There are 2 protein chains.
Amino acid sequence: MAGHEIIKKPLFTVDSVLFTVHEDTLKVLMVKRAQQPFQGAWGLPGGFIDIDLDQNTDMTARRKLADKTGFTPNYLEQLQVISGPDRDPRGFSVTLAYFALVAHQSVASHIDSVEMACWIPVSKLKELTTAFDHRQIIELSRQRLKQKTLYSLLPVFCLPQKFTIGQLMAVIETIIEKPLQRKSLMRRIEASEMFEISNEKISSGGRLAQLYSLKLDANIVNFERNLSI
Amino acid sequence: MAGHEIIKKPLFTVDSVLFTVHEDTLKVLMVKRAQQPFQGAWGLPGGFIDIDLDQNTDMTARRKLADKTGFTPNYLEQLQVISGPDRDPRGFSVTLAYFALVAHQSVASHIDSVEMACWIPVSKLKELTTAFDHRQIIELSRQRLKQKTLYSLLPVFCLPQKFTIGQLMAVIETIIEKPLQRKSLMRRIEASEMFEISNEKISSGGRLAQLYSLKLDANIVNFERNLSI
DNA sequence: TAAATAGTGTCTCTAAGACAGTATGGA
DNA sequence: TCCATACTGTCTTAGAGACACTATTTA
C-alpha cells in the first residue's frame, strides 16, 4: 500500500506432467535431475520461463518438453499453481504445473536415446526417489485426467492420428480404472461429431476394425453427463 | 541447460475476480487504481506475493481481498495463469487469477466506506475503462462460474449462512441466465446431503419458506449431470 | 377469500448401462 | 468351421424437465 517497499521475489518455474498410455499402463515422463537440489532424483520436466524465447507460460512448457522428447504434446492445459516457502530448499517457490498428453509412439524412439528422460508407470512412482512435491502434483494431474475422461474424449490424445474404437476403449479403461461399454463409447464418438471415419480398416485378431481420426477443426466436446463411476 | 545464465524474471502478481449476486445482478468487485500503470482505471483487486506474510498464493489472494473488503471470501479457487510480454507496460508479466464468491451483505457495509472499491455489474463492464486484460479475465471467470453452476451448488457461497430455496434459485438463474425448475434444485439439495434444515422459516410474501444452511463439514458435491443448457 | 410464494406428485425425456445377438476377419 | 474381435439392437435405469396440484401465509 505504502508504495515502494522492496519485495523479495519468489522463484517461478513451469513444470509439466506429460502422460501417455502404453501396454495398458498409464505412464508419466520423468527426468533424472543433473543438478542440485534433489540431484539424482526423478523430477518433472520443466524450468524457468525465458522472456526472450517464450511468449507465455504455455510456450515455456512446450519448449521444455521439446527439449526432453523432441516433440510437442498433442494436448496441453494448465493444471494449477503450487506455492510455498518449504517446497524448494532454495526458498519460497511458485510452480505452474501443466498437464499434457501424447501418443507413446510419437516420443518412444527419441526418448530411448536420451538417457535422462524416461516413461515411468504411475503405479511405480512410490518406489522412486522423486524431487520436490512432484509426486503430489502427478497425483493431482492423474485425478484431473480421470475426471475429464468421464465427460470428454481427451484420451484420443494418447493415440496415434488414426485409431480404432478398441484402442480408445482400452486407453479410457486404463485411465478410469473401470470397464467401459463399447456401445457407450460409440454413442459418444458419434454424438461429438469430432471424428472422421477413415477409408481404412486394420486387423485386430477378429473382424477388421474401422479406423477413425480427429477432424482437422475438431474442438474437444464436453458431454452433459459423466460416465458412471 | 548450460547452467548459470542470468534469466530476467517476469513480474508475478495475484489478482482475484470476486463475484456476488445482488438484486438479480451478477457483480464483480473492482478497484480504482491509485497508481500507474492504468492510473484511474478500474482493475481487479490484487498485488504482489509477500513471502514474509503469505504461506502461498491463496493467502496472497485472501490478504489482498481482505484489504479491500474487510472480509475473506466464502469460496476461493484458482482460475488460471495469464502471461505475456505486452499485457503490462512495465514488461513481461505473469498473473495468477483467482475466482471467488461472497454474500453481498457480508461486505456491503464495509465497502461503502472504502471509496475506491466498488461492486460493478458484469453487464456494465464494457462501459468502463478497465486496466490490463482484466475484462477478459472476468469473462473467463464468468464462464467458469456458469459451468460449475451447472454441475454443483457453488452459488450457495453468494448467500448468507441461512437461505431459502427461492433465494438460491434466483441466484442460480442469474448466473446461468436461464430459468430453473424448483423441483430440480430441491432434488439436488436433498441428494447432495450438504445442507441442514434449520428450525426457522421466514416470510416471503406467501407461505413461509424453510431456511437451510451448509453443514459444518460439508464438501461441495459435483453432480454427474449438468443442468440442461 | 384472493394473491403470492412454498413445496409435492408424477409423467416425460435423454443418455448411459447391460447384454444378447449379428458380422466378419484369421487360423 | 471355430474363435476372436467388431459392431448393432433394444431393454433398463437414473436423474433432469415440465407442469399441474396442494399448502400456507399476508392483504
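Small disclaimer: the values here were computed from a predicted structure and weren't measured. To find a chain, count down the sequence lines: A is the first, B the second, and so on, and within it residues start at 1.
In this structure, B:Asn226 places its CG atom 11 Å from C1' of D:dA16, rounding to the nearest Å. Protein atom CD1 of B:Ile189 is 15 Å distant from nucleotide atom C1' of D:dA16, rounded to whole Å. Following rounding to the nearest Å, A:Met186 (CE) and D:dT10 (C1') show an atom-to-atom distance of 16 Å. Taking atom CG of residue A:Leu185 and atom C1' of nucleotide C:dA18, one finds them 16 Å apart after rounding to whole Å. For the pair B:Leu227 CG and C:dT14 C1', the computed distance is 15 Å after rounding to whole Å.
A:Thr20 places a side-chain N or O within 3.5 Å of a backbone atom of A:His104 that can act as its donor or acceptor partner. Side chain of B:Thr130 to main chain of B:Gly43: no donor-acceptor pair is present (N/O by atom type, distance under 3.5 Å, no hydrogens or angles). A donor-acceptor contact shorter than 3.5 Å links the side chain of B:Tyr98 to the backbone of B:Asp58.
With values rounded to the nearest 0.5 angstrom, A:Arg33 atom CZ is found 12.5 Å from A:Trp42 atom CH2.
With hydrogens and angles ignored, no donor-acceptor pair under 3.5 angstrom links the side chain of A:Arg187 to the base of C:dA15. For C:dA16, its base never sits under 3.5 Å from the side chain of A:Arg188 at any donor and acceptor pair.
For B:Ser228 and D:dA16, the shortest distance from a side-chain N or O to OP1 or OP2 is not below 4.0 Å.
A heavy atom lying under 4.0 Å from DNA chain D marks the following residues of residues 151-183 of chain A, by number: A:Ile165, A:Arg182, A:Lys183. Contacts between residues 191-208 of chain B and DNA chain D, defined by a heavy-atom separation below 4.0 Å, involve B:Gly206, B:Arg207, B:Leu208, listed by number.
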Taking distance alone, no hydrogens or angles, what donor-acceptor pairs closer than 3.5 Å link side-chain atoms of residues 219-229 of chain B to residues at least two apart or in another chain?
none

Using a 3.5 Å cut-off and no angle test, enumerate the donor-acceptor pairs between side-chain atoms of residues 150-161 of chain B and protein atoms at least two apart in sequence or in another chain.
unit_1, atom_1, unit_2, atom_2, d
B:Ser152, OG, B:Lys148, O, 2.7
B:Ser152, OG, B:Leu154, N, 3.3

Could you tabulate the donor-acceptor pairs under 3.5 Å formed by side-chain atoms of residues 190-205 of chain A, not counting sequence neighbours?
unit_1, atom_1, unit_2, atom_2, d
A:Ser192, OG, A:Arg188, O, 3.3
A:Ser192, OG, A:Ile189, O, 2.9
A:Ser192, OG, A:Met194, N, 3.2
A:Ser198, OG, A:Glu200, N, 2.9
A:Glu200, OE2, A:Lys162, NZ, 2.4

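Counting only residues at least two apart or in different chains, side-chain hydrogen bond (donor to acceptor under 3.5 Å, both in side chains) contacts with residues 163-187 of chain B comprise B:Lys146-B:Glu177.
Remark: the B:Glu139 side chain and the B:Gln143 side chain contain an N/O donor-acceptor pair separated by less than 3.5 Å.
For the pair A:Gln210 and B:Glu224, nearest-nucleotide mapping onto DNA chain D gives the more 5' position to A:Gln210.
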